[in-house]
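Step one of this worksheet: look at the structure below.
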Amino acid sequence: MPVVSKGVTKQSEDFSKWYTDVVRQAKLADYGPVKGTMVIRPYGYAIWENFQGILNQMFKDTGHVNAYFPMFIPEHFLQKEAEHVEGFAPEVAVVTHAGGKKLDEALVVRPTSETIIWNMYKKWISSYRDLPLLINQWANVVRWEMRTRLFLRTTEFLWQEGHTAHATAEEAQDETLKMLNVYKSFAEDYMAMPVITGQKSEAEKFAGAVSTYSIEAMMRDTKALQAGTSHNLGQNFAKAFEVTFQNKDNREELVYATSWGVSTRLVGGLIMSHGDDKGLILPPKVAPYQVVIIPIFRKDTRDLVMDKVDDLVVNLKQAEIRVHVDDDEKSSPGFKFNEWEMCGVPMRVEIGPKDIEKGHAVVVIRHSGAKHFIQLNELVQFLADQQDIVQDELFQRALDFRESNTHTVDNWDDFKETLETKGGFIKAYWNGSSEVEEKIKNETKATIRCIPFDQPEASGKCIYTGEPSSQQVIFAKAY
RNA sequence: CGGGGUGUAGCGCAGCCCGGUAGCGCGCUUCGUUCGGGACGAAGAGGUCGGAGGUUCAAAUCCUCUCACCCCGACCA
């Protein structure tokens, strides 16, 4: 029997399918004509714009300025840093022809901008007085990935990349961790997405970095998502691009560097942190619309209802609440309820003749389904109060979910058993060997997401070799 | 790159085995009735059947080649 699908695939049935269904049905994004490319549609882009607005302010508050560097990079730039070229070579797109002829030197389309930026920094930095240099750019980058998924991994994606230059190693390390914490605040306070901060293992770190730190979040299928990274690049790029400065003692020194970024992948993280079988659930602080009003009327009651709605809109806007009125007369209220639930608007207001008669409106909270009857004169205040309440509940719910899907194990059999039957994050000790990490990955598909800053007092023994170990790490299957 | 799948109306699909003037659902347009959890009726618009060759009186259907996309694995934010 042909089933006309209303709604989306259930999460419990097929999480991947659910994700794709939601992205498309909520009109966040669509596939582009070239394999792996994505069109970010207005509703999805509105979320990204909200991310940008908040992050941009956070960057400025921490002393950074924005700039823009070119997308085309001379091919030999990429080859200057050994690890860097090795890490990115397989996934760069290269332009060999332009202007109707073959180019003398091929141009790579930036997969990240360290090389072109450090090429420029060489020109700009000569004295300790030029430091620190704290620049961010909002840009697109291209990485030719084998397997792509909307928002999570696409051939071209949007991101921000901060690139800083410092006079000392300590300063660079401070900057690296400072920005990691900016990301943590953003994820938790705005996206309501709890994250674990920690250091990446040698195998997982950025190609060209001395050390990489990340924020790791758990999605609703209990898989891990690396949601942001911050790198201490040491003097690697300064060496490669010969960027030196004269210190106070008039001695020449190599500059210390950091870079840090988050991408449109965060939109995917947002979707998979909160969504349910009805569709998206957006935290108020990043939702394009925080309130949707659905007026309920017939021809003869239209003006009565719309008068109230118009008043309400004015007052909500005054209270700086992002509000949308769906007064489309072609679709029924029931249709709109489902539609806006799919789109994840945190709260919905229904106003019809019956409500007006009683002097109230109906408010339905998206994530809980809770229904409230609120007097019209208290409505704006109620909705304003709910913003924070909903925001907090979503964070708490996500945190509870992560905690209840995080398991600590201390022997290899339990490790495999837990991973297979329960999934989620697994805390276990590890001896620090890349070889062991590789073996575990091959045997279980689980990778070390990070070595959390938050470590237990006691030490333990390596989950794989049984050797004594002082570092507990988080294993998980990851996106 | 390995494995699997799909290309027919905007979307989802049937038709292909067994060749004979292209169909269904949703969506879209117009009009009317509806409107408090995915409304209904009537009338319409819309397709070089992914592309190129071939077989045939005749190809969406058979044959050959090709292209594209999706899903699952190895690499990655």
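To find a chain, count down the sequence lines: A is the first, B the second, and so on, and within it residues start at 1. Please read all numbers here as calculations on a predicted model, not as lab measurements.
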Whole Å only: how far is the CZ atom of A/Arg366 from the P atom of B/G37? 17 Å
Determine the contact category for A/Glu204: base if any of its heavy atoms lies under 4.0 Å from a base atom, sugar-phosphate if only primed atoms, P, OP1 or OP2 are that close, otherwise nothing. nothing
Under 6.0 Å between the ring centres of A/Phe475 and A/Phe415? yes
Taking the C1' atom of each, how far is B/U55 from B/C62, in whole Å? 8 Å
A/Phe382 meets the ring pair (Phe, Tyr, Trp, His ring centres under 6.0 Å) criterion, sequence neighbours left out, with A/His372
Partner residues of A/Phe151 under the ring pair (Phe, Tyr, Trp, His ring centres under 6.0 Å) criterion, sequence neighbours left out: none
Under 3.5 Å, which protein N or O atoms sit close to an N or O of nucleotides 39-41 of chain B? Give each pair with its distance.
unit_1, atom_1, unit_2, atom_2, d
B/A39, OP1, A/Ser332, OG, 3.3
B/A39, OP2, A/Ser332, OG, 2.4

Determine, using ring centers only, whether A/His324 and A/Tyr289 are less than 6.0 Å apart. yes
Considering only nitrogen or oxygen atoms on both sides, find all protein atoms under 3.5 Å from nucleotides 72-74 of chain B and state each distance.
unit_1, atom_1, unit_2, atom_2, d
B/C72, OP2, A/Arg147, NH1, 2.8
B/C72, OP2, A/Arg147, NH2, 2.7

Do any pairs count as a salt bridge (Lys or Arg N to Asp or Glu O under 4.0 Å) and have a residue in residues 67-92 of chain A, sequence neighbours left out, and if so which ones? A/Glu83-A/Lys205
By the 4.0 Å heavy-atom rule, please label A/Leu152 as base, sugar-phosphate, or nothing. base
Interatomic distance, A/Asp300 CG vs B/U34 C1' [rounded to whole Å]: 12 Å
Charged N to carboxylate O below 4.0 Å: is that the case for A/Lys336 and A/Asp328? no
Atom CZ of A/Arg302 to atom C1' of B/C35: distance rounded to whole Å? 13 Å
Using a cut-off of 4.0 Å on non-hydrogen atoms, how would the nucleic acid contact of A/Val362 be classed: base, sugar-phosphate, or nothing? base
How far does the C1' atom of B/G27 sit from the matching atom of B/A68, given to the nearest Å? 25 Å
Rounded to whole angstrom units, what separation is found between the CG atom of A/Asn338 and the P atom of B/G36? 12 Å
B/A58 to B/A43 separation - C1' atoms, rounded to the nearest Å: 36 Å
Take atom P in B/A59 and the same atom in B/A52, then report the distance between them in whole Å. 14 Å
Which distance, rounded to the nearest 0.5 Å, do you find between the CE of A/Met347 and the OG of A/Ser368? 9.5 Å
When the distance from CZ of A/Phe157 to P of B/A77 is rounded to whole Å, what number comes out? 8 Å
Return yes when atom NZ of A/Lys308 has more than 12 non-hydrogen atoms of other residues, nucleotides or ligands closer than 6.0 Å, and no otherwise. no
Rounded interatomic separation in angstrom, taking NZ from A/Lys17 and C1' from B/C71: 11 Å
Distance-only donor-acceptor pairs under 3.5 Å for side chains of residues 39-54 of chain A, two or more places apart:
unit_1, atom_1, unit_2, atom_2, d
A/Tyr43, OH, A/Cys343, O, 2.7
A/Asn50, ND2, A/Val286, O, 2.9

Can you tell me whether the side chain of A/Arg348 and the base of B/G37 have a donor-acceptor pair closer than 3.5 Å? yes
